[in-house]
Amino acid sequence: MFQAHYQVLRPLTTAHLAQTMTLLSLTADELRQNIDAELASNPALEMIEERRCPTCHRLLPDHGSCPVCSRPQSISSDDPVVFVSPSEDFYSGGSIPVDEIPEEHFSPITEDLPTYVLSQIATELAQADRRLAAYLLTHLNEDGLLTTTLEEVARYYHIPLSKVAAIQHIIQRAEPIGVGSCTTQEALLVQLDVLSETRPIPELACNIIRDGMELLTHRQYGELARLFQVSLHQIQSAVKFISENLNPFPARTHWGDVRQPTPQASQVYHRPDILINHLNDDPGNPLVVEIILPYNGTLRVNPLFRQAIQQSSLEKREDWKNDLERASLYVKCLQQRNHTMQRLMLRIVSFQKEFILHGEKYMKPITRAQISQELQVHESTISRAVASKTVQLPNRRIIPLSEFFDRSLNVRYILREMINRETHPLSDSELVNLLAEKGYSVARRTVAKYRSMEGILPAHLRHAMLQPA
DNA sequence: CTATGGCACGGATT
DNA sequence: AATCCGTGCCATAG
């Protein structure tokens, strides 16, 4: 019995280790696919029926009662509760018409955006056109812009350019609006066009994008004013309109708070792998961390299969024993994965609690290496576990798990604060001094980098933005 | 002369 | 082994 327990915690074979590693690095979505595949190919595995909590309707883990509802109040409110939740619910919304998409243009594991867009426009398109749309959508870069040209596509499929353009037109009008454009300029114009259907738009904004794009991207507002024969102030309000209502990179979305268009605004993620909430959404309650396990029920080795081996013919027996081995290994690996994720999240959440509750300002720097030491696992284990996973915070924001290891986030936040409050444009070196007073030691060059990361103009250009009122 | 952005190096991360 | 990030050095703009 000691042996059995030990195996869960420590991989004994290299196969076990390798597979656990693989599982660890999968997102919830990918994990589901992996499990489905294993389930289909191995008759010794079975999924036993789901058990739901009568109160909150969550799916229950293998044994015992609901980890959320039955949480004893006696538990210290400082301890976050971490558990693995087989919660299919969260995933029920996003079913994708997979069978309608030609195999060769569809990679369900890696791409979320293409299928998202395609599912919106599928009904508008004839069967033959879907193939074309899918092709276009698989040639998007991370910003949602086309990485190929319409001419190339037309040549590739031997169809008229106008046909391709028509498909692109439809794609561009799906969410996120402007997706599938060839350039940022085109994306902005499409957004402007769509916007104009519902409300008036300043004509100047339109003209700036159409004829002054070059100047706009370099933020040369003075030049723009001269070009269009209007005042600097008019340009500024048009720019304000553009940055508040339009997004040159359709695939990037920024969240509600009023901020400059950040060059690398956070991506939007549809489905997190981990949920962090307050128990019953009451901020007084301890934090509850759910690690999403997107299958319905509990995976185990089928006991009937084990019996059946006894009565099977000799030549089959070898194969079946093999299946059995694989099945039990798989279950073990899955447990191993969940165990590691659980310990990891417990550590992260208790360490970064202030950040989770009160925002970026309270992010504490931590490295993966540190955590790997505390948890007594190899650092690559942590790397894999952290990479490509996303977390939903109590405020409903969804961020990559790796953000918990971003040592510059708090400094960047302070930097934003200082610049927002400034009465006189502060130069980068002045900012360095101010940060040093607050106990953050960063190099001047680094401040400049952070500034551009946050999409904040250099001091001499900020001057004009300050008093347009 | 000052403020800033580009390039490259070293250490951490993957 | 490859890549990312913070930083120092240098060229350029104002």
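Proteins come first, then strands; the chains are lettered A, B, ... in the order of their sequence lines, and each starts at number 1.
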Rounded interatomic separation in angstrom, taking [atom1] from [X] and [atom2] from [N]:
X	N	atom1	atom2	value
A/Lys449	C/dC4	NZ	P	13 Å
A/Tyr450	B/dA3	OH	P	21 Å
A/His378	B/dT13	NE2	P	13 Å
A/His424	B/dA3	NE2	C1'	12 Å
A/Phe405	B/dT13	CZ	P	10 Å
A/Asp428	C/dG14	CG	P	16 Å
A/Met453	C/dC4	CE	P	13 Å
A/His460	C/dT12	NE2	C1'	12 Å

Non-neighbouring partners of A/Ser429 that pass side chain to side chain contact (heavy atoms under 4.5 Å, CB included), sequence neighbours left out: A/Ser427, A/Arg444
Partners meeting side chain to side chain contact (heavy atoms under 4.5 Å, CB included) with A/Tyr440 (sequence neighbours left out): A/Asn410, A/Val411, A/Ile414, A/Leu435, A/Lys438
Residue met sooner reading DNA chain C from 5', once A/Arg444 and A/Asp406 are mapped to nucleotides: A/Asp406
Taking every non-hydrogen atom, the tightest pair across A/Leu24 and A/Lys389: O-NZ, 2.5 Å
Heavy-atom closest contact (A/Leu150 atom, A/Gln168 atom, distance): CD1-OE1, 3.4 Å
Taking 4.0 Å as the cut-off, does a side-chain nitrogen or oxygen of [X] come that near to OP1 or OP2 on [N]?
X	N	answer
A/Arg451	B/dG5	yes
A/Ser383	B/dT13	no
A/Thr446	C/dT7	yes

A/Arg300 and A/Glu46 ion-paired at < 4.0 Å: yes
Minimum-distance nucleotide (side-chain atoms of A/Ser408 versus C/dG6, C/dG8, B/dT4): C/dG6
Quiz item: A/Arg445 side-chain donor-acceptor pair to B/dG6 base, under 3.5 Å: yes
Flag, side chain of A/Glu454 to backbone of A/Arg451, donor-acceptor distance under 3.5 Å: no
Backbone of A/Ile274 reached by a side-chain donor or acceptor of A/Glu290 within 3.5 Å: no
Positions of residues 430-438 of chain A (non-hydrogen atom under 4.0 Å from DNA chain B), listed by number: none
